[in-house]
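Letters go in sequence order (proteins before strands), and every chain restarts at 1.
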Amino acid sequence: MPLATYQTSVPVVVDDAKCIADKGCTVCVDVCPLDVLRISDMTGKAFMAYDECWYCMPCEADCPTGAVTVNIPYLLR
Amino acid sequence: MAMDEIVDGLSEVSCDVLVIGGGTAGPMAALKAKMKNPKANVVLLEKANVKRSGAISMGMDGLNNAVIPGYATPEQYTKEITIANDGIVDQKAVYKYAQSCYGIIEELDSFGIRFLKNENGDYAVKKVHHIGTYVLPMPNGETVKKALYRQLRRARILISNRYMATRLLKSSDGRIAGAVSVNTRTAEMLVIKAKAVILCMGAAGRLGLPTSGYMFGTYENAANSGDGYAMAYHAGAALANLECFQINPLIKDYNGPACAYVAGPFGAYTANNEDRRFIECDYWSGQMMLEFYNELLSGKGPVFLQLKHLHDKTIEEIEHTLHKVERPTRGLFQEGRGVDYRKESIEMHISEIGFCSGHSASGVFVDDNARTTVPGLYAAGDMASVPHNYMLGAFTNGSFAGLDAMEFADNHDFGAIDAGEIALERERVMAPTKREDGIPPNQIEYKTRRLVNDYLQPPKVTRKYELGMRRLAEVREDMQERMIARNAHELLRALEVQSIMDCADMAAHASLFREESRWGLYHWRTDFPEKDNENWFCHTLLSKQDGRMTSEKRAVQPYVVPIADDEKDLYDKQRIRASA
Amino acid sequence: MSSPFESYDDLDDADERLGAADPAERRVAIIALGHSGDPAAVAHLAKMVADPDAGVRQQVAMALGEFDGPEAAEALVQLLVDPERIVAAAAADSLAEFKDPASADAILPLVKHAHAFVRTGALRALKELRRRDTLKPALEALQDPDAAVRVQAIGVIGFLKLEESIPALTALIGDPDAHVRRAAVSALAFSHMKIAAETITRALADSDWMVREMAAETLGLNANGAVAADPLMACLADEFWQVRLKAIRSLGRMKIVQAVRPIGHCITHEQANLRKEAAAALGEIAAPDGEPFLALVANDLDPDVRKNARWALHQIAASKARAGS
C-alpha cells in the first residue's frame with residue numbers, strides 16, 4: 001500500500017532571527033514531552049517536525065531568547 | 001545523518017534500582033531510593049526529558065488532597081476516599097498516604113516548590129468539598145519540575161532521557177531482573193539490569209480520542225500512552241479495577257482542566273444553562289461525572305464553569321493561576337475564542353476515557369509499600385491502584401516505592417536474564433522498521449482510539465463491547481503484521497500504539513468481567529444497571545496467565561478506619577432532588 | 001554508542017564557552033551550568049554577573065536560581081541591582097526560591113537600596129529565610145514610601161510570628177494603601193494579644209471591600225476572634241456579599257450562638273454561595289433556633305445549599321440528642 005504525505009499547519013512557530021540553535025542551544029528540542037521539535041540541517045534553527053503537539057508550553061517558556069511561540073492546534077481552536 | 005535515522009544497536013547497563021518514568025512519582029522515588037543508600041546506583045529512565053516530562057510538565061495549580069493538621073485528619077480523608085470509591089478500597093494504603101503526605105509537602109516546600117501561604121507563612125488551605133478541607137493552591141506552582149530536577153542533579157541520579165521502556169525482564173524464579181528500552185531518536189536498544197524496578201509511567205491518557213479529532217489534544221499529557229500498564233501486564237503483574245475508567249470535566253475543545261479546584265475556593269462553580277449548580281455529589285467521583293454527563297445530555301446543557309458573578313479583582317486572581325500554571329495555553333485558547341470570564345461562562349465538556357488513579361481508582365495493583373504482585377517490581381503515581389492520588393499521591397507513594405525498592409535491592413542480587421528473551425524483544429520492537437511497505441502508526445492509532453470511543457465509552461453495552469473487541473482484534477492484526485516505521489520517531493509512535501492497543505483490550509476485558517454498575521459513569525453497564533454489593537463488593541484483578549488475559553475477584557481488605565452504615569451511603573443521601 | 005546517561009562532569013567544557021565572543025554561545029554555556037546542579041558551577045556563574053550583554057546577565061540570574069546558599073545569593077544580589085529590569089526581575093525570582101538562612105547576609109544590605117524594586121525583591125527573598133535579625137530592618141521598611149516594599153516587609157515580619165512586632169503591624173491599619181492594610185490584617189492572625197484582634201476588628205469598617213473581607217476571614221483564625229462577634233454580625237449587612245460570606249464563615253467556625261438569627265436572615269440571599277455558607281454555619285453552631293431558617297432552603301434550587309442545610313439539620317439534631325442524654 002503506497003504512502004502519501006499530507007499538509008498540516010503546525011502549532012509551534014520559531015522566529016529564526018531570535019533562535020540560537022545554530023550557536024549550540026537545544027533547549028526547546030530537549031524539553032518537548034512529545035519530542036516533535038528538531039533543528040534544521042539547512043538553517044540551523046529549530047522547527048516543528050511532527051504535528052503531535054500537546055500545546056503544553058515548555059518550548060516557549062524555556063526558550064532563552066523568546067523565539068518560540070505555541071499556538072493552539074487549528075482543530076481545537 | 002538524516003533526521004531520526006534508525007541505528008541498529010544494543011547495549012547493556014546495570015543498576016541497583018531502576019525507576020521508569022521521570023514525571024512526578026518517578027523523581028521522588030529515585031531521590032528517596034538514593035537517600036536511603038547513597039552508594040547505590042539509581043537510574044531514572046524517561047521517554048521524554050525529566051526537565052519537562054509528565055502530567056506536571058508546566059507545574060501544578062494546587063494540591064487537591066492535602067491532609068494538613070488542623071484542617072483534616074487521616075481518618076476523615078480515608079473515609080472520604082472510601083466513600084467516593086463506592087467502598088472498593090484497600091484503606092491501608094490510603095491511610096498511610098494520608099498520614100505521610102504532610103511530611104512530603106514540607107519536603108517539597110524545602111525544595112523551593114511554592115505553595116500558597118498567608119502572611120504568617122502558614123499554608124493557606126482552602127475548602128472545596130462539602131466535608132473535608134484538602135485544597136492547597138499553588139498560584140506560583142509553575143516551577144515544580146525545575147525544583148525536582150535540581151534535586152535529582154544534586155543527588156547524582158543517573159538520568160537517561162529519550163529512552164522508552166518496552167518490556168520488563170524477569171528471572172526464572174519470577175523476580176524482576178530489569179527492563180528493555182529503546183532510544184526514541186536512534187532506535188538503539190538499551191538493556192538495563194536492575195535488582196528492583198519502579199514503574200512511574202503515568203496514566204493511559206491516549207486511549208480515547210478527543211472530540212476535536214486531534215490525536216494529541218488529550219486531557220492527560222499525550223506522552224502518557226499507557227506503556228506502564230502494558231509492561232506490567234506482560235510481566236504478569238495484576239492490574240486492579242481497570243473497568244473504573246477515568247473521565248474528567250474539562251474546557252470543551254481545549255480538553256484541559258477548567259479547573260474547579262482553582263476557581264472553587266474563589267466562589268466559582270459548575271453550572272448548567274440556567275446558571276445554576278446541578279452537581280449533587282460532593283467529592284470528585286464517577287457519580288459526579290454521571291451527573292455531569294446527564295446534565296450535558298439533558299435540555300439543561302451545555303455545562304459551564306461560572307465566574308461572571310465574581311468581582312473583577314477575584315477573576316483577575318483566578319486568571320493569573322489558570323493562565324500561568326499546569327496548562328498555561330488556557331488563556332491563549334480563551335483569547336482566540338474571545339471569551340472574557342467577566343461576561344461569559346466557560347463552556348465545559350467531559351473527556352475521552354482513560355486509565356488513571358489520579359482521580360479514579362484503577363491501576364497496577366499495589367499494596368501500601370507500592371509493591372506489585374511481581375517480587376521486586378513497584379508502581380506509583382497515576383498508573384498504580386491507590387485511588388485519588390493526584391500530584392501529592394504520586395509524590396508520597398513514589399517515596400514509599402523508592403524506600404522499599406532500595407531495601408529490596410540491598411537484600412537481593414541481580415536476577416538472571418535469558419538472552420533469548422532479549423533477542424525476541426528486540427525482534428518485536430524493531431519489526432515495524434524491517435518492513436518496506438505498510439500502514440503508518442498514526443493510522444493504526446487513530447483507528448484504535450476511534451473504536452475505543454465508538455464501542456468502549458460508557459454507557460457500556462455488552463453487545464457493543466463484543467463488536468468493539470472484534471474490530472480491535474482486526475486492527476491488532478494489522479498492527480502486528482503490517483505497521484511500518486520509517487524512522488526512530490515513528491518507531492516511538494509505533495511502540496506507543498501497541499501500549500494503547502493493550503490498554504484498549506484490558507479496558508474491554510475488565511469491563512465485561514464486572515457484571516454490575518459501580519462508580520457512576522466510570523462503570524455504567526446498561527445490561528447490569530444496579531450496584532450489586534452481594535456479588536461484586538470486591539476488587540477485580542486482571543492479569544496475564546498462560547498467555548491469556550484473565551480476570552478474578554479479590555476481597556476488599558478489612559477497613560482500618562471503620563465506616564458507619566449511615567455514612568456508607570452519604571453521597572446517595574445527599575442526592576436529594578428539590579421537590580419544587 | 002555514547003553513554004545513555006546525562007553527564008556530571010561537563011563544568012570545564014561549559015566554563016570554556018563562557019569566554020565565547022558571541023553572547024548566544026555564552027548563554028548556552030550558562031544554561032548548561034545552571035542545569036548541572038553542581039555547587040561548583042556557582043563560582044563559574046558568578047564571574048558572569050558583569051557581562052556586557054543583558055540577555056546573558058538575565059540567563060545568569062535564572063541559572064543561579066538553581067542553587068541556594070550565600071555564594072549564589074551574593075552573585076544574585078549584584079544582578080538584583082542591575083539597571084536592566086529583565087535582569088533584576090530574574091534575580092528577584094531566583095532569590096525568592098532560596099531557603100538557606102545563611103543567604104540572608106548577602107541580601108540584607110539591599111533592604112535600604114535606593115530603588116524600590118530592589119528593596120521589594122530583597123524583602124521578598126528574606127521572608128522564607130525567617131531569620132530573627134531581619135525583623136529590625138523589616139520593621140524599618142514599614143515606613144517605606146513605596147507600598148510594594150511595605151507589603152513585602154509585612155511578610156518578613158508576619159512569617160517570624162513574634163508578638164513584639166504587633167504594635168508596628170497594628171499601626172498599619174491607617175496606611176493609605178489598601179494592599180498594605182490587607183496584608184497587615186492577615187499578618188495579625190497569629191497573635192494572642194488583644195490589640196491584634198481589636199485591630200482586625202477595626203478593619204471590618206475599612207473603606208476597601210477586600211480589606212474588610214480579609215478582616216472577616218482572619219477573625220475566624222485569631223485566638224481572640226470571638227471578641228468581634230458583634231461587629232462580625234454587623235458585617236452581615238455589608239454591601240459586598242463576599243464580606244458577608246467570610247463573616248458568616250468565621251461566626252460559624254467560632255460557634256457564636258447569638259449569630260443564628262442574623263445568619264439565618266442571609267439564607268435567602270440571591271447569591272447561592274452566601275446561602276450555602278449560611279446553611280453550613282448554622283450547622284456548625286448547631287443551635288435549635290437555626291432550624292426554621294434551614295427549613296426555608298430545604299428545596300433550594302442549588303444542590304450545594306440543600307446539601308449544607310441537610311447536614312446542618314443533622315448537626316442540630318445530634319446536638320439536641322447530646323443535650324437530652
Turns out that what part of C:T218 lies under 4.5 Å from chain B's heavy atoms comes down to neither

So, the part of C:E277 with a heavy atom under 4.5 Å from chain B: the answer is neither

Determine whether C:L126 and C:R131 satisfy the following criterion, side chain to side chain contact (heavy atoms under 4.5 Å, CB included), listing intermediate values before the conclusion.
CA-CA 8 Å; C:L126 290 174; C:R131 232 170 67 170; over 6 Å; no

Only one of C:R275, C:K276, C:K307 passes side-chain hydrogen bond (donor to acceptor under 3.5 Å, both in side chains) with C:D300, and that residue is C:R275

Whatever's closer than 4.5 Å to a heavy atom in chain B on C:R182 counts as side chain

Under 4.5 Å to a heavy atom of chain C? For B:V50 that would be neither

Discussion item. For B:H320, I'd like to know if atom NE2 has over 12 heavy atoms of other residues, nucleotides or ligands within 6.0 Å.
Written reply: yes

> Would B:K146 and C:E97 satisfy side chain to side chain contact (heavy atoms under 4.5 Å, CB included), going step by step from the backbone distance to the final call?
Replying inline: CA-CA 11 Å; B:K146 203 174 98 166; C:E97 288 192 29; 3.8 Å; yes

C:R244 meets the salt bridge (Lys or Arg N to Asp or Glu O under 4.0 Å) criterion, sequence neighbours left out, with none

Assert top hit (heavy-atom pairs under 4.5 Å, partner chain C, pool B:R114, B:R156, B:K117) equals B:R156

So, the part of C:F240 with a heavy atom under 4.5 Å from chain B: the answer is side chain

Between C:R150 and C:D177, is there a side-chain N and carboxylate O pair less than 4.0 Å apart? no

Ranking B:G112, B:A155, B:S160 by heavy-atom pairs under 4.5 Å to chain C gives rank one to B:S160

If one checks every heavy atom of B:S181 against chain C at 4.5 Å, the contacting part turns out to be neither

Looking only at B:H311, B:K313, B:E274, the option with the highest number of non-hydrogen pairs under 4.5 Å against chain C is B:H311

Query raised in the report: Between C:S103 and C:A73, is there a donor-acceptor pair closer than 3.5 Å when you use the side chain of the first and the backbone of the second?
Result: no

For the pair C:L160 and C:I157, evaluate side chain to side chain contact (heavy atoms under 4.5 Å, CB included) and give the outcome as yes or no after the intermediate values.
CA-CA 5 Å; C:L160 286 167; C:I157 297 162; 5.8 Å; no

Honestly, the part of B:F111 sitting under 4.5 Å from a heavy atom of chain C is neither

Most heavy-atom pairs under 4.5 Å with chain C, out of B:D109, B:L152, B:V43, B:I192, belong to B:D109

Residue from B:L45, B:D122, B:I159 scoring the most non-hydrogen pairs under 4.5 Å with chain C is B:I159

Is it the case that the side chain of C:D68 and the backbone of C:F98 share a donor-acceptor pair, with hydrogens and angles ignored and the cut-off at 3.5 Å? no

Pair count under 4.5 Å, heavy atoms only, with chain B: among C:E66, C:K99, C:Q242, highest is C:E66

